[in-house]
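So that the names make sense, note that chain A is the first sequence line, chain B the second, and so on, each numbered from 1. Note: hydrogens, waters and symmetry copies are ignored here, and every other heavy atom, side chains too, is used.
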There are 2 protein chains.
Amino acid sequence: MAAAIADPVRREILVMLRDQRLPAGEIADRFVISRPAVSRHLRVLRESGLVRDTLVGRQRFYELDASRFADLIEWLDQFARATSWERRLDALETEVYRTRRERRRRDTAEQRQEKTA
Amino acid sequence: MAAAIADPVRREILVMLRDQRLPAGEIADRFVISRPAVSRHLRVLRESGLVRDTLVGRQRFYELDASRFADLIEWLDQFARATSWERRLDALETEVYRTRRERRRRDTAEQRQEKTA
DNA sequence: CGAATGCGTAACACGGTGGTTACGCTTTCC
DNA sequence: GGAAAGCGTAACCACCGTGTTACGCATTCG
């Protein structure tokens with residue numbers, strides 16, 4: 001989902017849809033790039049959940065899904081509220097640093113792989 | 001800046017730094033990928049402004065910059081608060097971008113479909 | 001019914017991104 | 001001073017994402 005807002009074209013589409021729903025053709029008309037290119041951007045947004053589509057006749061209307069943005073904001077909020085490092089005992093962190101490195105060099109790689117997989 | 005959080009490795013780095021600063025080596029040790037690869041991810045994060053670095057001896061400590069996340073959240077907030085399209089006169093809103101002929105066709109199609117739906 | 005419209009998909013080209021190894025520059029330790 | 005440690009950069013390569021054109025399918029219009 002975070003990757004969906006990485007592209008400037010998709011971000012512009014989101015702005016277009018901020019306070020109105022629009023059919024695919026009209027969105028594409030506002031860009032210099034070809035209509036199929038926009039169509040695929042719309043698919044990415046659709047699959048990310050940030051927008052939802054509704055078929056109306058032979059048109060496909062796109063609209064925002066505000067709840068998905070709320071999810072993104074919630075995720076980002078943990079970093080905006082991050083405690084500054086000065087308030088932490090990183091002196092202790094540094095002290096244990098060398099020891100932890102030694103331990104990790106032995107056993108971390110495979111564990112890390114399994115966790116994320 | 002939005003592109004910086006598009007990569008899963010970079011997102012994991014941000015989580016690592018959420019409540020403690022860390023030297024580059026320790027960050028790299030927690031990944032299966034090579035240290036130079038992590039080093040470049042750190043550079044992307046640095047240039048995006050999401051993290052700041054401090055040289056301490058021969059180590060380079062990384063820490064979050066909460067204010068940049070606040071900027072991101074602020075940008076996303078306009079979409080989370082987006083009014084639903086039903087409450088808007090989007091026909092009027094989009095008048096400028098459409099010829100009268102195109103608009104007439106869209107609206108009639110929409111009416112027919114939604115009556116039966 | 002046949003033509004036009006709206007929009008998505010397929011196939012392809014290409015530049016950017018992310019991986020690797022090799023290397024160099026500081027800083028620290030003995 | 002010389003070796004080791006910490007970390008970034010360079011060069012290279014594979015792949016993915018985004019652009020294009022050609023095409024197909026459904027819906028609407030005359």
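Closest contact between the side chain of B:Val9 and the listed nucleotides D:dG19, C:dG19, D:dG8 involves C:dG19. Checking D:dG19, C:dG18, C:dG8 against the side-chain heavy atoms of A:Ile33 singles out D:dG19 as nearest. Closest to the side chain of B:Ser39, from the set D:dT18, C:dT20, D:dT9, is D:dT9. Of the candidates D:dT20, D:dC7, C:dA22, the closest approach to any side-chain atom of B:Pro36 belongs to C:dA22. When the nucleotides D:dT20, D:dG8, C:dG18 are ranked by their closest atom to the side chain of B:Ala24, D:dG8 comes out on top. Checked against C:dG8, C:dC29, D:dG19, the side chain of B:Arg58 finds its nearest nucleotide in C:dC29. Considering only the side chain of A:Arg60, C:dC7 comes nearest among C:dG19, C:dC7, D:dG8.
A donor-acceptor contact under 3.5 Å is not formed by the side chain of B:Arg35 with the base of D:dG6. A donor-acceptor contact under 3.5 Å is not formed by the side chain of A:Arg43 with the base of C:dG8.
Counting non-hydrogen atoms under 4.0 angstrom, A:Phe31 reaches nothing in the nucleic acid.
No salt bridge links A:Asp65 with A:Arg68; every basic N to acidic carboxylate O contact stays at or beyond 4.0 Å. In summary, A:Arg11 and A:Asp7 do not engage in a salt bridge, as defined by a charged side-chain N under 4.0 Å from a carboxylate O.
When each of B:Val15, B:Leu50, B:Ile5 is checked for a side chain to side chain contact (heavy atoms under 4.5 Å, CB included) with A:Phe79, only B:Val15 meets the rule. Here the rule is side chain to side chain contact (heavy atoms under 4.5 Å, CB included) with A:Tyr62, and of A:Arg21, A:Glu26, A:Arg46 only A:Arg46 fits it.
Going from atom NE2 of A:His41 over to atom P of C:dC7 covers 17 Å, rounded to whole Å. Across the protein-nucleic acid pair, A:Asp7 atom CG and D:dC16 atom P stand 18 Å apart, rounded to whole Å.
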